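To find a chain, count down the sequence lines: A is the first, B the second, and so on, and within it residues start at 1. Reckoned from all heavy atoms, side chains included, excluding hydrogens, waters and symmetry mates. None of these values were measured; they are calculated from a predicted model.
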Number of protein chains: 2
Amino acid sequence: MTAPPPAPSSGPSTPRRRGRPPRAGRTAADVPAARDRILDAARETFAAHGYDKASVRAIARRAEVDPALVHHYFGTKEQVFEAAVAKAAAPVLAGPSVLAEGDPREIGERMTRLFFSVWENPASREPLLAIIRSVVTHQTAARIFRQFITKNLVSRVAQRLPAPDIETRIELAVAQLVGVAMLRYVLRAEPLASAEAEDLIRRLSPVVQFHLAGGPPPLPPEH
Amino acid sequence: MTAPPPAPSSGPSTPRRRGRPPRAGRTAADVPAARDRILDAARETFAAHGYDKASVRAIARRAEVDPALVHHYFGTKEQVFEAAVAKAAAPVLAGPSVLAEGDPREIGERMTRLFFSVWENPASREPLLAIIRSVVTHQTAARIFRQFITKNLVSRVAQRLPAPDIETRIELAVAQLVGVAMLRYVLRAEPLASAEAEDLIRRLSPVVQFHLAGGPPPLPPEH
DNA sequence: GGAAAAATTCATCATGTGTTGAATATTGCT
DNA sequence: AGCAATATTCAACACATGATGAATTTTTCC
């Protein structure tokens, strides 16, 4: 009723050309297909704002695409989330067979190194950030995260280090690393956020090893 | 257009009496003042859903009050959040002088016990849940959390255990505990979520102590 | 008693959301 | 040439949200 029709091709929001765009001789890898742009934009947006605040419209804007196209390709917003996270996290999830091999006395260091190799790489960090940012308010994300821990850590490590309380042990080790992720990558608390990864690996490996494989508790300080 | 006016005092949403309610001889502590009910409802709602999904309307509904009243008392939603968290977290923030006293060789256990004494008590757990649920997506909450860590942990412990890298040490210890909070209270991952607090204190204290006060790394398992 | 202040609800606005259906332009197949 | 499939945008719906201003009732103070 009070909505004035915007003058076409004059406002700051250029009205896009409708219909399927001409291919114009691109070899299909010139500008990435819209579908992939959407997936990337989704991953980045979810990582930056979490599930709820990452609107379909914001994703579409970032992908330079109409919001309807997002739905056209992926259906509901939840499916967009699953697709984006699944695509980006797949290589990470497939990776850590490192844990099941090698000297069990060094499994703590291997797990700590695996953690940082994933988190220090922006490409693999983003889907994890997206998950963590979403985990705390959204059920689906929480389920994904639990499955990640169970499938990729608990089962792999448990078969290597059988012990009655191994699940608790693994989760305490994971808790140490998740906490570091929270403080370093989500909260960006200093000085943790700027510390050298190698330094943190040195400090954390014995703790993770202690959690996983037990042994005598760390000694008190020499005082 | 399609909104039928609800028959007064017959539908499920009883249209409330307008204007200031009669005091009717209550000694002012009979039914808590609406202002306090709003604050409590806000704390519970923020704790349950995080900042973004906790709508002013939901808070008002829980407090059995009109949404406008929430704004009347507190202004913007952000101010509601600050007021609710500040009120509920105040006693917790004031507490931990435990850290600065006693044998430094047991500061790890004291800190771990402090952590669980706060998190195992629903009254003090809720504002922290609210903060954690909000920290990951909302800037204000992140600031509050950083201040909490800095003011109430870093400063207190640092003056007790001077060391060049004490800030990093403290944050690694905090990371261990924050990670446990994430897995146990936010994600509710089993078996951590159902473990006995005393058992966890036993397992975590040496790690926290190790982070804070150094000493030789925990020994490898006897194999 | 009368006026100001306080406590409360109602109605409404502007905005943003997820989602859908139709329209339009291009490609690829026959 | 024609036709189905595909890729894309437009326009709109139904709903939820944060916020505001006015109305209404009560208390409190003079």
ask   = For B/H211 and A/Q176, what are the C-alpha separation, side-chain angles and deciding distance, and is it a side chain to side chain donor-acceptor pair (under 3.5 Å)?
value = CA-CA 11 Å; B/H211 278 313; A/Q176 170 72 81; 2.8 Å; yes
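Counting only heavy atoms from C-beta outward, the side chains of A/D40 and A/R35 never approach each other to under 4.5 Å. For the pair A/V208/A/E109, no side-chain contact is recorded, criterion being any heavy-atom separation below 4.5 Å from C-beta on. A/E44 has its side chain within reach of A/E126: a pair of non-hydrogen atoms, C-beta onward, lies under 4.5 Å apart.
For C/dA6, the OP1/OP2 oxygens have no side-chain nitrogen or oxygen of B/Y73 closer than 4.0 Å.
In this structure, A/F74 atom CZ and C/dT20 atom C1' are separated by 18 Å, rounded to whole Å. Atom CZ in A/R61 sits roughly 14 Å away from atom P in D/dT9 (whole-Å rounding). Taking atom NE2 on A/H49 and atom P on C/dG16, their separation rounds to 15 Å, with Å as the unit. The interatomic distance linking A/L69 (CG) with C/dT20 (C1') rounds to 14 Å, in whole Å.
In terms of modelled atom types and a separation under 3.5 Å, the side chain of B/R43 and the main chain of B/A84 share no donor-acceptor contact.
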Under-3.5 Å N/O pairs linking protein and nucleotides 18-22 of chain D:
from: D/dG18; atom 1: OP1; to: B/K77; atom 2: NZ; distance (Å): 2.8
from: D/dG18; atom 1: OP2; to: B/V56; atom 2: N; distance (Å): 2.8
from: D/dG18; atom 1: N7; to: B/R57; atom 2: NH1; distance (Å): 2.5
from: D/dG18; atom 1: O6; to: B/R57; atom 2: NH2; distance (Å): 3.1
from: D/dA19; atom 1: OP2; to: B/K77; atom 2: N; distance (Å): 2.9

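The cationic atom of A/K53 (NZ for Lys, CZ for Arg) does not lie both less than 6.0 Å from the six-membered ring centre of B/Y51 and within 45° of the ring axis.
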